[in-house]
Amino acid sequence: MLLANLPVTKDVYRHFLETNLSATVQSPLQADGTRVIDWTFPKDMNVEKFINDFLMVIFFFAVGLEIKRELVSGELSSPKKAMLPVIAAAGGMATPALLFILFNHGTSASSGWGIPTATDIAFAVGIMSILGNKVPISLKIFLTALAIADDLGAILVVALFYGGNVNLPLLCVALLLLVFLVLLNQLGENRMIFYLVPAVIMWFIFYYSGVHSTMSGVVMAMTIPMKPRYSPAYLTRRTKEYKQRLLMYRTEEEFPNENQRHCLRRMSFINMNAMGMSSRLEHALYPYVNYLIMPIFALANAGVEIPDLSYFNIFQYSPEIGSVGMGVFFGLVLGKPIGITLASFIAIKCRIGVMPSLASWKMLFAVACLGGIGFTMSIFVDTLSFGDCTEYAEHLRSCGKIAVLLGSLTSGILGSVLIRLFSAKTKQTD
């Protein structure tokens, strides 16, 4: 925000984000002023679009790997485990959307209803980790599973409601490529190159298809094999063999010598492939996604230009353009905890879900407040919103981003304070 508003940096910041990254191939001009070849690729690509349409694909790919892991072997792997967090996530998405529509129905801002529906798993779980044993472990697991289900819901919202004009022939090509990758997975193909090359092709197809290109990351994540190349028995046997060889090849001259280096390389390869490709990629991408891509995304998208202080008046309402600020702020601060708690209450009373162990309704509500932290996904949805409102689009997006920042900050503080308060009361009662 400072870069976007300081007189010394604001022009440089904006010009940098608008820097063209497309490659253009042109043939010489003909007599009639036309060119036989005039090809630009990728279309309309600048630094900002590269961050939002390419780097964020890697973010969504990592999120997709995490969702797949939870669906296959984690907290969403069985109906009994998944029911409560999934229902709670649905309530935590529907209520903020309804609150937003309540403030903005019939106005230019109405298409931004998806902004307050997402929970930022990194910040929410991070704050719970800082609070330590004040939160029962069962509620930490509940919020993590809820945030993952929420991510899946947010991905569906982006795919279904925030794309462009859909190119059906290209989507059919993408579907054929997806079927091919699923078949590869079923046949047991574990070489990464057979998945990464199609991933690049899939990105280009989605980029030109009208479905937001970041969805290609989620689609590709679902095709990555989870089954390891080598079984535990094979790992144990071969590791034992190579350890014996290391001793056999031992010399007094150097370690490792050529034969030992070969043994160590083979042991490293076998150990690496004793984990599924999905686990390896998730582990490898974690630092880049969290410490590089997310900060770059925030740097490029949180730069709201504020011509006057009225932009911070997020409770301002206009009959023509509504109030994105009120819709987003109250959606995150009130809609999220109310929706999560109410949906959980209904699920538990109807015996569809089970109350997390050692948890009270007060503590569940306090943890649900942390669900109102919607930083990354909310800002991402904000950048996609209001495309049909060209006159006010930039103003609405700016107000939405400020409301996301203020709403997320308020939710984080409110949740932390309530958790500390209810935790202290529980100790006094004990």
Side-chain angles (χ1 to χ4, degrees), residues 1 85 88-105 109-128 142-144 146-155 157-158 161-162 294 297-298 301-302 304 311-317 322-344 364-386 396-419:
M1 290 181 76
M93 293 185 75
T95 309
L98 289 171
L99 269 176
F100 187 96
I101 291 169
L102 185 68
F103 286 111
N104 295 285
H105 178 68
S110 59
S111 62
W113 59 269
I115 300 170
T117 60
T119 294
D120 192 292
I121 185 170
F123 279 111
V125 176
I127 288 175
M128 276 204 305
F142 167 74
L143 184 63
T144 304
L146 181 149
I148 290 166
D150 193 285
D151 277 344
L152 183 57
I155 286 164
V157 166
V158 171
F161 301 103
Y162 290 98
M294 284 176 66
F297 169 78
N301 289 279
V304 181
Y311 266 63
F312 285 104
N313 183 9
I314 60 172
F315 304 115
Q316 190 174 11
Y317 179 83
S323 178
V324 176
M326 281 198 289
V328 172
F329 183 85
F330 288 118
L332 291 173
V333 177
L334 295 180
K336 273 287 183 181
I338 291 171
I340 290 168
T341 307
L342 186 60
S344 300
L364 189 144
F365 178 79
V367 168
C369 288
L370 297 181
I373 303 172
F375 183 71
T376 310
M377 282 299 292
S378 292
I379 288 179
F380 182 72
V381 175
D382 181 86
T383 63
L384 304 178
S385 300
F386 317 118
L396 291 172
R397 289 190 191 109
S398 297
C399 291
K401 288 172 184 175
I402 292 170
V404 167
L405 295 173
L406 293 176
S408 297
L409 178 63
T410 305
S411 295
I413 293 170
L414 179 63
S416 301
V417 169
L418 289 178
I419 286 170

Provide the closest heavy-atom pair for Ala124 versus Leu370 in the form atom of the first, atom of the second, distance.
CB-O, 3.7 Å

Gap between atom CG of Asn104 and atom OH of Tyr317 - 0.5 Å precision
7.0 Å

What residues form a side chain to side chain contact (heavy atoms under 4.5 Å, CB included) with Ser344, not counting sequence neighbours?
Leu84, Ala88, Phe142, Ile340, Trp361, Leu364

Rounding to 0.5 Å, atoms OG (Ser378) and CG (Asn301) come to a distance of 12.5 Å

Where Phe386 and Ala109 come nearest, the two heavy atoms and their spacing:
CE2-O, 3.4 Å

Any sub-3.5 Å donor-acceptor pair from Ser408's side-chain atoms to Gly374's backbone N or O?
yes

The complete set of salt bridge (Lys or Arg N to Asp or Glu O under 4.0 Å) pairs with one or both residues in residues 364-376, sequence neighbours excluded, reads none

Can you find a pair of side-chain heavy atoms, one from Leu99 and one from Pro116, that are under 4.5 Å apart?
no

If you round to the nearest 0.5 Å, how far is OG1 of Thr410 from CG of Leu405?
10.5 Å

Just to verify, what does Phe100 make a ring-ring contact (aromatic ring centres under 6.0 Å, His included) with, not counting sequence neighbours?
none

If you measure from CD1 on Ile379 to CZ on Arg397, what distance do you get to the nearest 0.5 Å?
13.5 Å

The residue among Asp120, Asp151, Val404 that forms side chain to side chain contact (heavy atoms under 4.5 Å, CB included) with Met377 is Asp151

Would you say the side chain of Tyr162 lies within less than 4.5 Å of the side chain of Val157, judging by non-hydrogen atoms?
yes

CE-CD1 distance between Met1 and Ile402, expressed to the nearest 0.5 angstrom
5.0 Å

For a quick test of your reading: what N or O donor-acceptor pairs under 3.5 Å do the side chains of residues 322-336 make, sequence neighbours left out?
unit_1: Ser323; atom_1: OG; unit_2: Ile314; atom_2: O; d: 3.4
unit_1: Ser323; atom_1: OG; unit_2: Gln316; atom_2: O; d: 2.9
unit_1: Ser323; atom_1: OG; unit_2: Met326; atom_2: N; d: 3.2
unit_1: Lys336; atom_1: NZ; unit_2: Gly92; atom_2: O; d: 3.0
unit_1: Lys336; atom_1: NZ; unit_2: Thr117; atom_2: O; d: 2.7
unit_1: Lys336; atom_1: NZ; unit_2: Thr119; atom_2: OG1; d: 3.2
unit_1: Lys336; atom_1: NZ; unit_2: Asp150; atom_2: OD2; d: 2.6

Criterion side-chain contact (heavy atoms from CB on, under 4.5 Å) on Ile127 and Ser416, from CA distance to verdict:
CA-CA 8 Å; Ile127 288 175; Ser416 301; 3.4 Å; yes

Kindly give the heavy-atom pair with the smallest separation between Ile373 and Ser411, and that separation in Å.
N-CB, 3.9 Å

Applying side-chain hydrogen bond (donor to acceptor under 3.5 Å, both in side chains), can you list everything that pairs with Asp382, at least two apart in sequence or on another chain?
none

Between Ile413 and Leu409, does the side-chain contact (heavy atoms from CB on, under 4.5 Å) criterion hold? Intermediate values first, please.
CA-CA 6 Å; Ile413 293 170; Leu409 178 63; 4.0 Å; yes

Shortest non-hydrogen contact from Pro96 to Gly91?
CD-O, 4.1 Å

Drop me the distance from Phe375's CZ to Lys401's NZ, to the nearest 0.5 angstrom.
10.5 Å

Mind checking ring-ring contact (aromatic ring centres under 6.0 Å, His included) for Phe297 and listing every partner two or more places apart, or none if nothing turns up?
none

Taking the side chain as every heavy atom from C-beta outward, state whether Ile115 and Trp113 have any atom pair closer than 4.5 Å.
no

